[in-house]
Asker: 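Let me give you the structure first, and then I'll get to my questions.
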2 protein chains.
Amino acid sequence: MIILIILKPKLPVVLDNFKLYLSEKSDLTEAAIDKILKEVRVESIQKGEFLLSAGDVCKHAFFTEKGLLRAFTVDESGKEHIIQFAPENWLISDRSSIYFNAPSDLFIEAIENSTVIFISTEFMGVVSEMSSKFRKANDRALQSHIRQLQHRINQLLGATAEERYLTFIQKYPDLLLRVPLWMIASYLGITPESLSRVRKDLAKKNFKS
Amino acid sequence: MIILIILKPKLPVVLDNFKLYLSEKSDLTEAAIDKILKEVRVESIQKGEFLLSAGDVCKHAFFTEKGLLRAFTVDESGKEHIIQFAPENWLISDRSSIYFNAPSDLFIEAIENSTVIFISTEFMGVVSEMSSKFRKANDRALQSHIRQLQHRINQLLGATAEERYLTFIQKYPDLLLRVPLWMIASYLGITPESLSRVRKDLAKKNFKS
DNA sequence: ATTAGATCTTACCATACATCAAGGCACAGG
DNA sequence: CCTGTGCCTTGATGTATGGTAAGATCTAAT
């Protein structure tokens with residue numbers, strides 16, 4: 001048997017998204033940002049690879065430079081429940097696990113081949129020192145996170161599967177095209193079969209797209 | 001008609017719980033705490049009175065010195081969904097509303113006659129300036145809050161009504177005795193009738209307490 | 001080209017929970 | 001004492017969603 005290995009020249013990774021992110025959220029000069037970028041840990045993650053598994057202590061937040069990640073839990077009966085998707089320019093992590101240094105109950109997995117930036121607590125500390133704007137942006141993100149969690153709880157308490165689906169496609173129209181439906185079902189808290197029926201009903205009601 | 005008004009002498013309000021709270025969460029001297037306590041806004045809230053209504057911008061966090069508060073939303077079909085209970089020593093507020101200066105979608109109501117301390121952003125700022133321990137304790141509370149919201153989402157996604165009820169009484173055994181069952185049902189995201197049946201089933205299975 | 005695997009759909013039946021209606025109980029107010 | 005009101009329960013029935021199984025596509029690997 002002949003094995004053919006093709007070695008592509010390793011291309012320098014482009015971090016345009018993360019660079020833009022830093023320049024928007026902080027008041028650092030471009031020079032300072034470029035310097036930071038050189039120190040930052042970047043990895044290419046293949047579809048299906050895990051950045052965090054339940055039981056591990058989460059040590060980084062992950063910034064999706066390219067691709068798509070998801071965070072999910074697995075309950076006692078083995079069912080997955082998707083907590084969050086993270087396409088380009090999103091941060092994903094287990095905040096409590098990082099903060100309390102406690103084992104996470106989340107899995108974080110790439111669902112497309114992705115380029116991911118590893119953001120450590122130290123990194124956050126350093127940049128926060130350098131830029132008060134950055135600090136404020138992070139405060140704000142934290143509050144938004146809480147707001148979003150509240151909203152999700154409300155939906156789960158009060159809305160039907162169909163309503164939740166409609167909210168989802170309105171909030172994340174791009175994800176609808178990139179994520180398999182069964183994952184959307186998991187995010188919504190229903191089975192893929194139910195989602196299929198919901199979509200059928202909506203189609204019957206002349207719902208477009 | 002004769003109207004009889006009895007004027008009780010206004011008793012000085014005791015703030016033992018809040019005082020203890022401050023001394024645990026901060027490294028301030030007792031003298032400093034006593035000074036703070038004199039400035040703090042305290043109100044007696046009758047059962048059924050509201051501290052916040054949907055549409056208002058939330059201006060304070062509320063510390064329950066005595067009594068019991070609840071926060072809830074009302075959905076389009078008029079159904080209430082309880083977000084949180086706050087017995088003694090708990091803080092309750094709409095963080096996002098305060099932070100973003102945006103109209104809240106929460107109601108906060110006293111479900112027992114209560115003594116409530118109004119905690120403004122300025123108050124938080126002042127005490128945070130005085131004590132780094134206090135600042136850290138607040139950070140920690142914020143992270144715990146997120147953790148708790150995550151947990152609730154997980155329960156709603158994955159657990160049955162019965163499981164959620166069992167979690168509730170294990171986590172808040174004291175509330176079970178103080179809160180009407182229909183409110184617990186609302187917190188769990190089920191109807192009072194369903195909760196009644198869940199309890200009946202548990203009783204059949206020899207479940208104690 | 002063939003196969004295997006993943007995804008999505010559909011049909012049928014099962015179950016959890018909601019809804020509606022009625023009744024019991026406790027407690028407060030006239 | 002009676003009466004209303006709020007809370008809880010129970011039964012009958014409805015509905016949304018789950019579970020199982022099968023088939024249709026589609027893609028990727030052999």
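The figures here come from the full heavy-atom set of this structure, side chains too, leaving out hydrogens, waters and symmetry mates.
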Asker: Rounded to the Å, how far apart are A:L181 CG and C:dC8 C1'?
Answerer: 7 Å
Asker: Starting from C1' on D:dT15, measure out to CD1 on A:I190 and report it in whole angstrom.
Answerer: 15 Å
Asker: Calculate the interatomic distance between A:I184 atom CD1 and C:dT7 atom C1'; express it in whole Å.
Answerer: 13 Å
Asker: Mind calculating the distance between CG (A:N113) and P (D:dA28) to the nearest angstrom?
Answerer: 12 Å
Asker: Do B:E30 and B:K19 meet the salt-bridge criterion of a basic N to acidic O distance under 4.0 Å?
Answerer: yes
Asker: Over how many whole Å does the gap from A:E163 atom CD to D:dA16 atom P extend?
Answerer: 11 Å
Asker: So, does B:K79 get its side chain near the phosphate of C:dT19, meaning an N or O under 4.0 Å from OP1 or OP2?
Answerer: yes
Asker: Under 4.0 Å between a side-chain nitrogen and a carboxylate oxygen: does that hold for B:E109 and B:R70?
Answerer: yes
Asker: When the distance from CG of A:L156 to P of D:dT17 is rounded to whole Å, what number comes out?
Answerer: 12 Å
Asker: Which is true for B:T191 with a 4.0 Å heavy-atom rule: it touches a base, it touches only sugar-phosphate, or it touches nothing?
Answerer: base
Asker: Would you kindly give the CG-to-P distance between B:L195 and C:dA18, to the nearest whole Å?
Answerer: 10 Å
Asker: Please confirm whether B:R178 makes a cation-pi placement over B:Y172, using NZ or CZ under 6.0 Å from the six-membered ring centre and within 45° of the ring normal.
Answerer: no
Asker: Hey, is the side chain of B:R197 pairing donor to acceptor with the base of C:dT19 inside 3.5 Å?
Answerer: yes
Asker: For A:A159 and B:M183, find the nucleotide of DNA chain D closest to each by heavy atoms; which residue's nucleotide sits nearer the 5' end?
Answerer: B:M183
Asker: B:V198 or B:E193: which one's nearest nucleotide on DNA chain C is closer to the 5' end?
Answerer: B:V198
Asker: Nearest to the side chain of B:T160, heavy atoms from C-beta on, is which of C:dC8, D:dT10, C:dC17?
Answerer: C:dC17
Asker: Identify which one of A:R197, A:K205, A:R199 satisfies the salt bridge (charged side-chain N to carboxylate O under 4.0 Å, His left out) criterion when paired with A:E162.
Answerer: A:K205
Asker: Do any side-chain nitrogens or oxygens of B:S194 fall under 4.0 Å of OP1 or OP2 in C:dA18?
Answerer: yes
Asker: Please report the distance, rounded to the nearest Å, between CD1 in B:I111 and P in D:dC7.
Answerer: 11 Å
Asker: Can you tell me if B:K47 touches the phosphate of D:dG6, counting only side-chain N or O atoms and a distance under 4.0 Å to OP1 or OP2?
Answerer: no
Asker: Tell me if the CZ atom of B:R41 is crowded by more than 12 foreign heavy atoms within 6.0 Å.
Answerer: yes
